[in-house]
Amino acid sequence: MATSFRVLTDFGLRMAGTRSRRALRQLAAEALTAVTPDEVEQTARLLIGKAFPAAEQAALRLSAAAVWRTLEPIFGQPKDVLQRQTTGAVDFASGVRTIFLNLPKQRGICAEETEALTVGEVYATLVQIAALGGGGSRGEKELLLRELLCRADPDEAAFLVRNVVGEMRHGVNEGLLLEGIALAIDADFALVQRAFMLVGDVGTLAVLALSEGTAVLERLEIGLFTPLRPMLAQAVDDVPAAWVRQAGALALEYKLDGARVQIHKRGGEVRLYTRHLMEITASLPEVVEAVRTQITAETAILEGEVVAVGADGAVLPFPELMRRFRRVRDVPRLLAEAPVRVYLFDLLLRDGRSLLESTNAERWGELTQVLAAGSVLILTPRCLPVTVEEGAAFFDQAIDAGHEGLVAKRLEGLYTPGVRGGEWLKIKEALTVELVITAAEWGYGRRTGWLSNYHLAARDIVTGALVEVGKTFKGLTDEEFAEVTTALLDLTTDPEAHTVTVPPEIIVEVAFNQIQLSPSYPGGVALRFARIVRFRPEKTLDEIDTLQTLRDIYTMQSGQPWQQAA
DNA sequence: TCCAAGTGGCC
DNA sequence: GTTGTGC
DNA sequence: GCACAACGGCCACTTGGA
């Protein structure tokens, strides 16, 4: 019996009205068991708003703009008229719900009497949409979406739109869905978590768990060409903090500013995957070739950080790497223009033997054994500090060499995202500058009603003008957002605009990790990972930092001269 | 042929 | 990617 | 301690239209 899509929508609504994680986990479990076995995978994906596994290249390639174009014919109104219906809505999908509640669908476009949508139909249509490409495909995709929306009630429409934009915002995401799976089959969460790491995809895991049960999960093993979820690091302030957390039994490794890669090798066959399990083998042929020649093991799964390098061998800023990443056109040309290098730091499989039960120290030892000398694959600089001071010196060395900082790894730690966390700790350098708020954007979701995203400007000492160098929505408490909103509304003359401009009066200290060259900001530089750390009411406008200072920081950090980007 | 808008995926 | 919130 | 939801800048690619 096909489950009605309305059933899923109702679970979404109940989740949205629930805060307790225990209860959310319970709802996730209920949802998975409420549908038929062949709907479990679809249900798992639709519930968290990720229709397709990252490892597959499939994507809807449809978003808010496409939804507006789809809604126009359904209601026979232009976008701006529809948009007027949505004032006060908490977010985009809620606004769509309001439109469905208040406006009649066009008879000529949508049939009056229709069958209720089923889970399988909705999912199958999304698969169809994802499969479309080439000339005219935009219209075809929107037509398929329109057919679904025609048959949807207001709540179903909102649920669908949340899937299109990929943000459910009902409190259940991947993590809680995994907990729900564990609950549904009465398994240990650790078992489900381990299984997830190995299969890499919640949909696949949900079917496996619900239909096969715990015994199959227990038997899962690491497999070649099935990328696994990479282990992540928690942020800490400095080396002493990491030292305390890991009781002095740790390795410190350089943290390079590139992209994570997982390398799978069986003989001459090599594939490369990103952190989100996308395959990028075709973009990095020199890495593939280097794996063939430099990795002496017959089969291996390795992890490392890929970075772009200059002619002199120096590591280049992150955007240089992005020119290579996921590139399919002109690969040979870029290969010469922006060569890459991989700094290896882990080995998870060696000659058919899983190293998941081995400690970090053991895995590193094996890694050093399988790597032959060469220029493309090299070991990540690593040290085993005997004292905190030695560790701190290693951190300074990493920063001086132009890198992000360090990752601290507990020597006895296994390769698991461990429930306790903290097996890997990242330590990065943050700088701060004084900037002034020149505008702010209204927030959505839990930030509805607050000005939430602040435009930040520095002084250009040549022209004397204020120049925007970035935006931030981070670093303030709810209370502070409320206060700043009031203050900004006091200053502005156009509180109705989406972007509220204000005279430059509120000066803030802003932390950031890097200055990057910017093709879009007028000063040619932008802050990376900006967050507000404090208000500086005692400062005056002529005391804020200058554009020229930011450019100097760029030069200092990257080793590259500042220049206006193309 | 080139450009802009839209979308997805890195950090 | 960073941060604050709430369980 | 953990999961989630707020959203940042940049680059590659696709599509549709001038």
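Quick note on labels: first sequence line is chain A, next is B, and so on, each numbered from 1. Reckoned from all heavy atoms, side chains included, excluding hydrogens, waters and symmetry mates. What you are looking at is a predicted structure, and each value in this text was computed from that prediction instead of being measured.
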Closest-nucleotide ordering on DNA chain D, the 5'-leading residue of A:Q516 and A:G134: A:Q516

Span that lies between the P atom of C:dT5 and that of B:dA4, in whole angstrom: 41 Å

Separation of D:dA5 atom P from A:F92 atom CZ, nearest Å, is 18 Å

Contacts of type side-chain contact (heavy atoms from CB on, under 4.5 Å), residue A:T549, not counting sequence neighbours: A:D545, A:T546, A:I553

How many Å lie between CZ on A:R169 and C1' on D:dA6, as a whole number? 9 Å

Contacts of A:P53 meeting side-chain contact (heavy atoms from CB on, under 4.5 Å) (sequence neighbours excluded), chain-then-number -> A:R45, A:E56, A:D201

Protein-to-nucleotide contact annotation, 5' to 3' order, nucleotides 1-7 of chain C [B base; S sugar-phosphate only; - none; under 4.0 Å, heavy atom]: BBSSSBB

Touch class at under 4.0 angstrom, heavy-atom based, for A:L517 against every strand present: sugar-phosphate

In whole Å, I'd like the distance from the CD atom of A:Q57 to the P atom of D:dC13. 13 Å

Write down the distance between CE (A:M278) and C1' (D:dA12), rounded to a whole number of angstrom. 11 Å

Whole angstrom is fine here: how far is it from CG in A:L321 over to P in B:dC10? 11 Å

Round to a whole Å and report the spacing from CD of A:Q234 to P of D:dG1. 7 Å

By salt bridge (Lys or Arg N to Asp or Glu O under 4.0 Å) - contacts of A:E337 (at least two apart): A:R323, A:R333

I want to check one thing: is the phosphate of D:dG9, taken as OP1 and OP2, less than 4.0 Å away from some side-chain N or O of A:S520? no

Quick one, give me the B/S/- string for nucleotides 1-7 of chain B, reading 5' to 3', where B means a protein heavy atom under 4.0 Å from the base and S means that only happens at the primed atoms, P, OP1 or OP2. -----SS

Which nucleotide wins on minimum distance to the side chain of A:A59, given the candidates D:dG8, B:dC10, B:dG8? B:dG8

Just by distance, with hydrogens left out, do A:T555 and A:D552 show a side-chain donor and acceptor under 3.5 Å apart? no

Please tell me which of A:D257 and A:V164 maps to the more 5' nucleotide of DNA chain B, matching each residue to the nucleotide holding its nearest heavy atom. A:V164

How would you list, by chain and number, every residue that makes a side chain to side chain donor-acceptor pair (under 3.5 Å) with A:T486, sequence neighbours excluded? none

For a side chain to side chain contact (heavy atoms under 4.5 Å, CB included) check, start with the C-alpha distance between A:V309 and A:L316, then their side-chain angles and the critical distance, and finish with the verdict. CA-CA 5 Å; A:V309 291; A:L316 295 177; 5.5 Å; no

Please pick, from B:dC10, D:dG1, D:dG8, the nucleotide with the shortest atom-to-atom distance to any side-chain atom of A:F318. B:dC10

Looking at residues at least two apart in the chain, or sitting in another chain, which of them share a side chain to side chain donor-acceptor pair (under 3.5 Å) with A:R447? A:S452

Does A:R327 make a side-chain N or O approach to OP1 or OP2 of D:dA12 shorter than 4.0 Å? yes

Which part of the nucleic acid does A:G166 contact within heavy-atom distance under 4.0 Å: base, sugar-phosphate only, or nothing? nothing

When we call it a touch if two heavy atoms are under 4.0 Å apart, what does A:A530 touch: a base, just sugar-phosphate, or nothing? nothing

Take atom CZ of A:R329 and atom P of D:dA12, then tell me their distance rounded to the nearest Å. 9 Å

5' priority, DNA chain D, between A:Y521 and A:M168 [closest heavy atom]: A:M168

Whole Å only: how far is the CZ atom of A:R326 from the P atom of D:dC10? 16 Å

Report which part of the nucleic acid A:H170 touches: base, sugar-phosphate, or nothing (heavy-atom distance under 4.0 Å, all strands). sugar-phosphate

Give a yes or no on whether a salt bridge exists between A:E72 and A:K79, defined as a side-chain N under 4.0 angstrom from a carboxylate O. no

Will you find, in the side chains of A:Y343 and A:E253, an N or O donor that is under 3.5 Å from an N or O acceptor? no

Select one nucleotide: of D:dA6, D:dA3, B:dC11, the one nearest the side-chain heavy atoms of A:S452. D:dA6

Can you pull the salt bridge (charged side-chain N to carboxylate O under 4.0 Å, His left out) pairs that have at least one residue in residues 171-185 of chain A, sequence neighbours excluded? A:R25-A:E179, A:K50-A:E174, A:E174-A:R229

Side chain of A:P519, heavy atoms from C-beta onward: which of D:dC10, D:dA3, D:dC13 has the nearest atom to it? D:dC10

Acceptor/donor pairs from residues 506-516 of chain A side chains to any protein atom, 3.5 angstrom cut, sequence neighbours excluded:
residue	atom	partner	partner atom	Å
A:E509	OE1	A:R534	NH1	2.3
A:E509	OE1	A:R536	NH1	3.2
A:E509	OE2	A:T432	OG1	3.0
A:E509	OE2	A:R534	NH1	3.2
A:N513	OD1	A:R531	NH1	2.5
A:N513	ND2	A:E429	O	3.3
A:Q514	OE1	A:R528	NE	3.0
A:Q514	OE1	A:R528	NH2	2.6
A:Q514	NE2	A:D257	OD2	3.4

Closer than 4.0 Å, any side-chain N/O of A:N453 to the OP1 or OP2 of D:dA6? no

